[in-house]
Amino acid sequence: MYTLETTKDFKNQETVTYERKKTINSDIEIFQADGFIYRLKGKYLNITKNSRELLHLNLSPFINNKIYSFQYIEKNKFCYTLSSDKHSFKGFLQVEANNLAYWVEGEVEPGSEIVYFRRSFVSMVLMRTYASDHYNYSTNHEDNAVKVTSTASPIEEQRQSIVRTWHLMPAPRACSFKLNHLSPSHKPWFGLSIPCDLPVSATEFCNKSRTFSIRFNGYYPAEGETKLPKVYFVADLEDSYALLEQHDLLNRENMDSIPKRDFSDWWNRPIFCPSTDYDEKSKPGDGLMPIFDLSIPSFIEDVEYFRKKTGVHNFTVQIDGFWFANFGDYLNINSQVFENSLKFRQMVDQLHGMGHKVLLWFSHFAISKTAQIPEDIKDTLLKGDAISFNFFADYLFDYTHPKVRAYIKKCITFMLSSQTGCLNADGIKLDLGYLTPDIQKKQFHDPSWGTGDRLRSRVNRFICECAYEAKKDALITDTCLDGYMQTDVVRLNDEWGEELDKYIERARKAVFRNQSLIDTDGGFLMYQNKFDNWAFLAPVLGVPGFYGVRYFDGHERITERSYKYLHASWNLYNTAPSTYDMEVILDPEKNLFYRKYTSGRLKNFYSAICFNRSCLVVYSTECIRIASRSSELVEIPLPPSTITSVKAITWDNTVSSYDYKKGPNENSLILRSQDAGENYKWIEVKYELNS
């Protein structure tokens, strides 16, 4: 039995119960939630449901190949503290709302390897992580170790036949298990969430020889920091993806410094980037920047050509990685293309006059050796072991140095400010984020900034602060998925190989990130068949984008049919554009792809649906629009309303009545969609919503 003591908590004016320190051999029920019972048995946390032990977790940390066992336990309200007379480390189990959190506190040497739950057991059928397009499921009979990192070497990974792990970086430090002995009605998925930006090189979720552990490699805490990573246990999940929503909420609860921005109505416009066309117009230049057979008049002509071909005039123009002189030098224009900053500003203002917004490409860290950067920061550059591979960069910026931050702020102000002498763009496409410096603490000017995720997180926030100061409604896009990384738009990345399912897999992860739009980023390595499969699905996933004017990447000419698909899908998207507060459901196993309104007159009803990955249906308060890449019979849900007309609009703008019939009930109609590449733009169902 525990000896209880009571005392008065004068701050909260309530009685608080403390428990004296006792040996850890006690069997203690800590907490129950969702049918799961969390019980401390010696140095192990046992998690059971339906009288079955499903997780058996060793709470003694393993640091630099040494185990630190605990002897005692004491309770203070909702927190249990594990300690020992033999070492200074302490373990904590704390009940927070409906979750239990575990962490360790104590001083560790910089660069330490820390292992949580060493030689633990999980009774699982499947394990899922969210590190990349690959490495998602493994059975509990297989050895498997998945690394989540902030830096990556695509070239090295390709050599090892590990592809595309860098496309959503950093990925969530989270892992879920489909537990044995639980039926779907019992919500069989259980998750581990590690929120916040960690100063680590990598986190490994290891399942080896039927034992489980979490390994943190290269831990570099700030001076005086003693709290090691915090792990939340999240139970009662219907599927593996449900963990991501909880993970994002835990990020925001633990990092209240992420500001909530007011949504600007231009952020969700379609995005057009002509860069893939320019491959055939390029030739080698100094350093890494190619020289393009391109000029400002021809660039504007390409934008006008795209406007004419698609019939869309409100898109955002993205000027990719050829507007600046060299990587790292964003104060000088690529004179071979855009002449000088005055001419470039005139082009941006001309695009504004046409109704467009403008995004400029920017790399967080990359610097080429030919970059003209200020002399006073050349000695601060990170080089050698700080660079994971020598592909885009010869050096990297050290953002921990105030001189570097002053230079970057000057670059961003130059890019975004409307002041005379600046470029007056509207936002920034952050790219090559996986070039985050490797863990080499001695190289950084101010190690207290942290390394790994923590460094990347602080850099992102700094860039955002500079951008928002230069232009209040500036838009920042990045490929980072985890919620502690500040950004307005999550970009799915423009290269996704041959398989559409990999692309959908990225989108499934991204939809759980709150307060961020999704840029579907359809660009490099795009070709005709791939485009056909993507064109009418992308506007459901998020903001549609397209790279190219007359050619796909690889010089395959864009056909008239493809332009018609863009015309139809982008105009339908603009009927019901994606917003932060929409509910997005992507379930490729059931072939379900839709989003719903969460406010307004159509609250809880669809805003867009894609049937069979080919037929796009969008809803406004006045009408439904349907366009497709095939002719097929579809049953279309209806909101409570009265249909006033069903019309087909042809490419010569002829409008005629269109046959349909009522569905099995009053809440749907059935009609045949038409291939938008042939005679019809779209079919339009007009209705009056019931009051």
Side-chain angles (χ1 to χ4, degrees), residues 268 270 310-312 520 531-544 546 560-578 582 584-586 590-597 600-602 605-689:
N268 58 2
T310 62
V312 180
T520 56
F531 170 79
D532 290 347
N533 291 324
W534 169 85
F536 291 96
L537 179 62
V540 173
L541 309 183
V543 177
F546 189 72
E560 288 300 314
R561 177 182 293 269
S562 296
Y563 287 124
K564 286 181 176 180
Y565 285 172
L566 278 172
H567 184 121
S569 64
W570 280 26
N571 275 282
L572 261 65
Y573 170 81
N574 283 329
T575 302
S578 181
M582 286 183 178
V584 182
I585 302 297
L586 309 176
K590 297 179 180 178
N591 214 23
L592 294 175
F593 305 96
Y594 62 83
R595 49 183 164 91
K596 286 186 173 183
Y597 293 100
R601 295 189 66 192
L602 288 172
F605 196 77
Y606 300 99
S607 56
I609 309 172
C610 185
F611 291 104
N612 300 323
R613 307 189 186 189
S614 62
C615 179
L616 176 62
V617 181
V618 300
Y619 296 81
S620 72
T621 54
E622 293 82 28
C623 69
I624 305 170
R625 286 181 172 173
I626 305 113
S628 180
R629 63 177 173 87
S630 63
S631 177
E632 56 186 314
L633 205 63
V634 290
E635 182 180 352
I636 298 172
L638 289 172
S641 60
T642 301
I643 294 174
T644 58
S645 68
V646 179
K647 305 285 188 181
I649 295 89
T650 64
W651 285 105
D652 61 4
N653 292 318
T654 300
V655 180
S656 59
S657 296
Y658 196 79
D659 290 337
Y660 73 98
K661 64 180 182 179
K662 290 184 178 180
N665 53 58
E666 295 296 320
N667 299 321
S668 67
L669 62 82
I670 296 174
L671 53 72
R672 181 167 293 280
S673 66
Q674 297 293 334
D675 188 338
E678 295 180 356
N679 298 321
Y680 292 97
K681 284 186 183 180
W682 54 73
I683 299 163
E684 187 170 85
V685 179
K686 289 194 174 181
Y687 50 55
E688 292 181 359
L689 293 175

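- The shortest non-hydrogen separation linking S620 to L602 is O-CD1, 3.4 Å.
- To the nearest 0.5 Å, atoms CD (E632) and SG (C615) are separated by 5.5 Å.
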query: Hey, mind stepping through I626 and I636 against side chain to side chain contact (heavy atoms under 4.5 Å, CB included) and telling me if it holds?
result: CA-CA 9 Å; I626 305 113; I636 298 172; 3.6 Å; yes
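- Within the 4.5 Å cutoff, the side chain of Y680 has heavy atoms near those of the T650 side chain.
- By the 6.0 Å contact criterion, CD on E678 is enclosed, its count of non-hydrogen atoms from other residues, nucleotides or ligands being greater than 12.
- Within the 4.5 Å cutoff, side-chain heavy atoms of I643 are placed close to those of L669.
- In plain terms, the two heavy atoms of P539 and A535 that are nearest each other are CD-O, 3.2 Å.
- With a 6.0 Å cutoff to the six-membered ring centre and a 45° limit on the axis angle, K647 does not count as a cation-pi contact of Y658.
- For D659, the CG atom is loosely surrounded, since the number of other residues' heavy atoms within 6.0 Å does not exceed 12.
- Contact record, L572 with V618: O-CG2, 3.4 Å, taken as the closest heavy-atom pair.
- The CG atom of N612 sits 11.5 Å away from the CG atom of L537 when rounded to the nearest 0.5 Å.
- Across P270 and N574, no two heavy atoms sit closer than the pair CD-OD1, 3.6 Å.
- Side-chain contact between S578 and Y573: present, with at least one pair of heavy atoms (C-beta onward) separated by less than 4.5 Å.
- Of the inter-residue distances, the one linking I585 atom CD1 with F593 atom CZ reads 12.0 Å to the nearest 0.5 angstrom.
- Of the inter-residue distances, the one linking S607 atom OG with Y597 atom OH reads 5.5 Å to the nearest 0.5 angstrom.
- At least one donor-acceptor pair closer than 3.5 Å links the side chain of T520 to the backbone N or O of V543.
- Screening N533, D675, D532 for a side chain to side chain donor-acceptor pair (under 3.5 Å) with R629, the sole residue that qualifies is N533.
- For the atom pair CD of E560 and NE2 of H567, the computed distance is 12.0 Å after rounding to the nearest 0.5 Å.
- Residues L689 and P639 approach most closely at CD2-CG, 3.8 Å, considering heavy atoms.
- Considering OH of Y565 and OG of S628, their distance stands at 7.5 Å, rounded to 0.5 Å.
- Applying the ring-ring contact (aromatic ring centres under 6.0 Å, His included) test to every pair with at least one member in residues 613-637, sequence neighbours left out, gives these pairs: F605-Y619.
- Closest non-hydrogen pair, W651 versus A676, comes out as NE1-O, 2.9 Å.
- Contact annotation: the side chain of L671 approaches that of V634 to within less than 4.5 Å [non-hydrogen atoms, C-beta and beyond].
- Ring orientation note: the planes of F546 and F531 are nearly perpendicular, at an angle over 60° on the 30°/60° scale.
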- request: Check the pair T575 / R625 against side-chain hydrogen bond (donor to acceptor under 3.5 Å, both in side chains), numbers first and verdict last.
  value: CA-CA 8 Å; T575 302; R625 286 181 172 173; 3.2 Å; yes
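- Taking the side chain as every heavy atom from C-beta outward, V584 and L541 never approach each other to under 4.5 Å.
- Considering only heavy atoms from C-beta on, K681 stays 4.5 Å or farther from K564 through its side chain.
- Counting heavy atoms from C-beta on, the side chains of Q674 and N679 never come closer than 4.5 Å.
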